[in-house]
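Structure record follows, encoded as structure tokens.
When a residue number appears, it is its place in the shown sequence, counting from 1. First listed ligand is number 1; within each ligand, the first listed atom is number 1. Here the structure is a predicted model, which is why all the values come from computation and not from measurement.
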Amino acid sequence: MTIQWFPGHMTKARRQIQEKLKLIDLTIELLDARIPISSSNPMIDEILKGKPRLIVLNKADLADSRTTEQWIAYFNKAGHAAISVDSSTGTRVNEIPVRAKQILHEMIARQISKGVNPRAVRGLIVGIPNVGKSTLINRLAGRHIAATGDRPGVTKGQQWIKVGTEMELLDTPGILWPKFEDPLVGYRLAMTGAIREQILNVEDVAFFAVKVLAKRYWDATSERFGVTEPPKDLEDADEIVRVMEDIGRKRGCLISGGRVDLEKVSGIILRELRSGSLGRISLESPEDLLY
Ligand SMILES: Nc1nc2c(ncn2[C@@H]2O[C@H](COP(=O)(O)OP(=O)(O)OP(=O)(O)O)[C@@H](O)[C@H]2O)c(=O)[nH]1
């Protein structure tokens with residue numbers, strides 16, 4: 001689903017989430033494990049207004065596990081419970097209700113001294129488009145939940161989905177928008193396939209992808225594409241383009257005069273990055289934040 005986010009849409013999305021917040025104990029903030037910062041919402045703290053939050057790093061099967069561990073430590077340090085899952089196969093999703101229940105217990109323990117057996121925790125999944133909200137809801141529900149909430153003309157009350165005895169989830173997630181003002185965020189979202197390539201230039205997206213690959217995953221890149229010479233200087237755009245051309249020659253992306261078809265090779269690089277053919281790749285790490 002692609003949404004054109006105009007200020008009016010953001011206000012509406014925010015209002016819809018805030019209506020749902022009245023019904024729930026805790027939010028499950030879904031982020032893409034490969035880009036936890038770029039897949040987050042810039043106003044999340046304000047929108048959630050202190051509602052307890054469990055951060056779930058989804059698509060962990062595509063991210064590099066060492067970096068994912070660093071992210072979990074980073075979020076823990078900032079005071080948030082965080083776990084990583086793969087919703088497509090269901091790996092570790094059963095930890096979500098357990099952690100949610102723990103958070104609820106801690107919350108109640110702070111309010112009442114002891115002797116309580118809190119009811120099932122009521123949760124809401126929130127996240128930007130394509131982060132895997134529906135996949136996770138279906139996984140937790142153990143069946144396919146039809147996404148009828150947005151269909152015009154269908155008035156539908158909120159439905160609760162039982163997740164074992166520990167948790168109940170609202171059946172429609174809260175949709176958030178990413179931080180559009182930062183162009184790098186746009187490129188990172190495009191690298192993961194979260195936003196359509198047509199919006200951004202495919203060669204530009206691949207350029208940034210090669211920069212990250214050369215910086216952090218050169219061995220995997222070199223092995224996959226058969227290129228041997230890393231860029232001499234990551235800040236030198238000509239050197240990044242030279243690596244793209246080397247990959248293009250290896251993959252036979254040539255046009256008349258022996259020149260490399262940069263658009264074609266860009267498509268190949270991005271497809272292989274997204275599909276996991278280059279291995280498990282994280283496009284952001286907490287170290288990037290430490291400028
Ligand atoms: N590899 C992998 N793919 C996933 C995972 N979770 C979801 N996906 C894929 O990501 C894509 C988007 O998933 P959705 O569940 O439709 O995402 P959504 O957040 O509901 O998207 P919107 O409806 O656009 O808001 C689909 O192709 C899923 O198969 C995961 O943990 N690992």
| said: Tell me the nearest of T89, L30, T91, N130 to atom 11 (C) of ligand 1, using heavy-atom distances. | reply: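 Comparing heavy atoms across T89, L30, T91, N130, the nearest one to atom 11 (C) of ligand 1 lies in N130.
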
| Option with minimal heavy-atom separation from atom 2 (C) of ligand 1, where the choices are S88, P173, S134 |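 It is S88 that holds the nearest heavy atom.
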
| task | Please tell me if the side chains of V210 and F225 come closer than 4.5 Å, counting only heavy atoms from C-beta onward. | result |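 A side-chain contact is absent here, since even the closest heavy-atom pair is not under 4.5 Å.
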
| request: Show which atoms of ligand 1 fall inside a sub-4.0 Å distance from at least one heavy-atom site of K133. | output: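 With K133 as reference, the close atoms of ligand 1 come out as 15 (O), 17 (O), 18 (P), 19 (O), 20 (O), 21 (O), 22 (P), 25 (O).
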
| task | For D86, take its heavy atoms, then give the atoms of ligand 1 lying under 4.0 Å from any of them. | result |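 Near D86, meaning under 4.0 Å from one of its heavy atoms, ligand 1 has 30 (C), 31 (O), 32 (N).
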
| message | Any atom of ligand 1 sitting under 4.0 Å from a heavy atom of L62? | response |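 Per 4.0 Å heavy-atom rule, L62 contacts ligand 1.
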
| field | Main-chain N/O of E284 paired to S282 side chain as donor or acceptor, under 3.5 Å | value |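 Answer holds: no.
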
| query | Between K264 (side chain) and L254 (backbone), is there a donor-acceptor pair under 3.5 Å? | reply |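 A pair under 3.5 Å: no.
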
| Does the N or O separation between I175 and ligand 1 drop below 3.5 Å for any pair? |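 So ligand 1 has no N or O lying under 3.5 Å from an N or O of I175.
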
| query | Is V163 linked to V98 within one hydrophobic cluster, defined over Ile, Leu, Val, Met, Phe, Trp and Tyr using a side-chain heavy-atom separation of less than 4.5 Å? | reply |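 They do not share one cluster, since no chain of ILVMFWY contacts under 4.5 Å joins V163 to V98.
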
| task | For the residue pair F6 and H9, categorise the inter-ring angle as parallel (less than 30°), tilted (30 to 60°) or perpendicular (more than 60°). | result |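 F6 and H9: tilted rings.
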
